Amino acid sequence: MRRTIIAGNWKMNKTITEALDLVRGLSMELKDVKDVDVVICPVFTALYSVSHEIEGSNIKLGAQNLFWEEKGAFTGEISAQMLKDANCDYVLIGHSERRNIFKETNEYVNRKLKAALKAELLPIVCVGERLEERQKNETFDVIRNHVTGALEGLSADDLKDIIIAYEPVWAIGTGQVATPEQAQEVHAFIRKLIADNFGSEVAEKLRIQYGGSVKPDNIKILIAQPDIDGALVGGAALKAESFLGIIKGCL
Ligand code: PGA
């Protein structure tokens with residue numbers, strides 16, 4: 001059985017004070033939740049303070065990005081070791097906003113992924129097609145390209161620490177969630193791709209999250225799909241009530 005994992009991607013939102021307020025509400029409410037892995041990904045500046053606030057709780061900390069070099073002249077970047085130093089366990093890699101706004105390529109995603117694994121951070125690798133790609137029936141080509149590009153050069157053993165998030169770009173922040181059938185179809189495709197490349201045992205263990213307009217009122221039907229193992233949540237992760245509603249919808 002794969003453990004459900006719900007991660008909140010806060011994107012570029014919340015000051016340190018606001019982050020701490022949200023986290024206090026969450027950790028109290030989640031103290032008896034044992035069956036779902038809960039991760040929050042605040043902005044870099046809030047990571048360290050939040051890490052202390054969640055100490056001893058069921059919530060784990062993740063960052064939203066990293067750079068693959070360890071240190072040096074890379075103005076504005078942050079390394080995997082620095083995220084570990086701020087008490088992160090997880091890191092998002094290749095979010096569609098990174099790919100589309102900041103022009104991150106598969107090669108970037110692959111290098112970041114390797115850096116995260118080397119530092120023993122658990123990567124959540126995001127993949128997903130844009131609306132025009134879906135309309136042109138290119139969804140599976142895009143997903144194959146994102147998945148194989150991200151995982152190039154990795155071993156079956158590396159895969160045990162990786163989570164994949166399927167996030168159709170047209171569903172992110174739009175309120176237009178993928179239907180459970182649309183999401184399941186792509187999740188099954190990803191699992192098959194992993195089975196073909198790394199073996200069926202690895203594929204069976206791989207956790208694949210769905211992301212894109214997940215809300216308390218649609219999580220139940222999504223999580224009921226056989227290949228959906230959790231959610232990566234944007235907007236609804238910014239308020240305790242809706243994030244808790246999503247987590248509780250998985251219990
Ligand atoms: P959303 O964002 O839940 O606001 O659609 C999801 C994401 O970008 O990870």
Side-chain angles (χ1 to χ4, degrees), residues 4-14 18-19 22 26 36-44 46-47 59-66 88-104 108-109 112-113 116 121-131 133-134 139 142-143 146-147 150 162-180 182-183 186-187 190 207-223 225 228-250:
T4 300
I5 175 163
I6 302 295
N9 171 14
W10 293 5
K11 310 193 180 186
M12 199 172 74
N13 291 292
K14 297 198 184 288
E18 290 165 348
L22 174 52
L26 292 175
V36 175
D37 290 340
V38 178
V39 182
I40 52 170
C41 304
V43 297
F44 290 140
L47 288 173
I59 305 172
K60 298 282 188 227
L61 190 63
Q64 299 173 19
N65 186 24
L66 83 167
C88 288
D89 287 316
Y90 291 81
V91 62
L92 303 181
I93 298 179
H95 188 278
S96 64
E97 286 147 22
R98 301 293 324 165
R99 292 179 190 261
N100 295 327
I101 305 171
F102 301 100
K103 307 297 171 212
E104 289 194 7
Y108 277 40
V109 172
K112 290 179 178 203
L113 182 49
L121 281 169
L122 301 170
I124 299 179
V125 182
C126 307
V127 302
E129 82 286 1
R130 290 186 290 221
L131 181 60
E133 291 164 337
R134 177 162 281 266
T139 298
V142 172
I143 300 300
H146 282 177
V147 172
I162 293 175
I163 294 149
I164 293 183
Y166 168 55
E167 298 205 303
V169 180
W170 47 271
I172 294 178
T174 59
Q176 193 195 337
V177 63
T179 65
Q182 283 173 324
V186 176
H187 282 232
I190 294 172
R207 293 192 288 179
I208 309 173
Q209 296 177 307
Y210 167 80
S213 298
V214 175
K215 303 276 180 293
D217 63 5
N218 58 33
I219 185 66
K220 277 202 169 79
I221 181 143
L222 289 163
I223 204 73
Q225 304 304 308
I228 299 184
D229 307 311
L232 181 54
V233 185
L238 294 174
K239 291 215 164 74
E241 194 188 350
S242 44
F243 194 53
L244 290 167
I246 290 169
I247 294 162
K248 290 184 177 165
C250 298

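Every value quoted in this text rests on a predicted model; they were computed, and no experiment measured them. One-based numbering, in listed order, for ligands and for the atoms of each.
The residue from Cys41, Pro168, Gly173 that puts a heavy atom closest to atom 5 (O) of ligand 1 is Gly173. Taking all heavy atoms of Ser96, Gly128, Ala165, Gly234 into account, the minimum distance to atom 6 (C) of ligand 1 is reached by Gly234.
Scanning the protein heavy atoms around atom 7 (C) of ligand 1, the nearest turns out to be Glu167 OE2, 3.2 Å. When hydrogens are left out, the protein atom nearest atom 4 (O) of ligand 1 is Gly235 N, 2.8 Å; that is the closest non-hydrogen contact.
Atom CD1 of Ile164 sits about 9.5 Å away from atom CD1 of Ile143, to the nearest 0.5 Å. Taking CD1 of Ile162 as the start and CG of Leu113 as the end, the distance is 4.5 Å to the nearest 0.5 Å. Rounded to the nearest 0.5 angstrom, Phe44 CZ and Met12 CE are separated by 12.5 Å.
Only side-chain heavy atoms of Asn9 come within less than 4.0 Å of ligand 1; its backbone N, CA, C and O stay farther off. Residue contacts with ligand 1, taken as heavy atom pairs separated by less than 4.0 Å, involve Ala171 solely via the backbone atoms N, CA, C and O.
Residue Ala236 has no nitrogen or oxygen atom sitting less than 3.5 Å from a nitrogen or oxygen atom of ligand 1, judged on distance alone. Checking only distances, Val233 never comes within under 3.5 Å of ligand 1, N or O to N or O. When only interatomic distances are considered, the shortest N/O to N/O separation between Ser213 and ligand 1 falls below 3.5 Å.
For the side chain to side chain donor-acceptor pair (under 3.5 Å) with Glu104, the lone residue among Arg99, Lys112, His95 that qualifies is Lys112.
Annotation for ligand 1: atoms under 4.0 Å from non-hydrogen atoms of Gly212 are 5 (O).
Proximity of Asp37 to Lys60: side-chain heavy atoms (C-beta onward) are nowhere separated by under 4.5 Å.
Side-chain N or O atoms of Tyr90 include none that pairs as donor or acceptor with a backbone N or O of Leu92 at under 3.5 Å. The main-chain N or O of Ile172 is never found under 3.5 Å from a side-chain atom of Glu167 such that the two would form a donor-acceptor pair.
The aromatic rings of Tyr210 and His187 sit tilted, their planes meeting at an angle between 30° and 60°.
Between His95 and ligand 1 there is a heavy-atom distance shorter than 4.0 Å.
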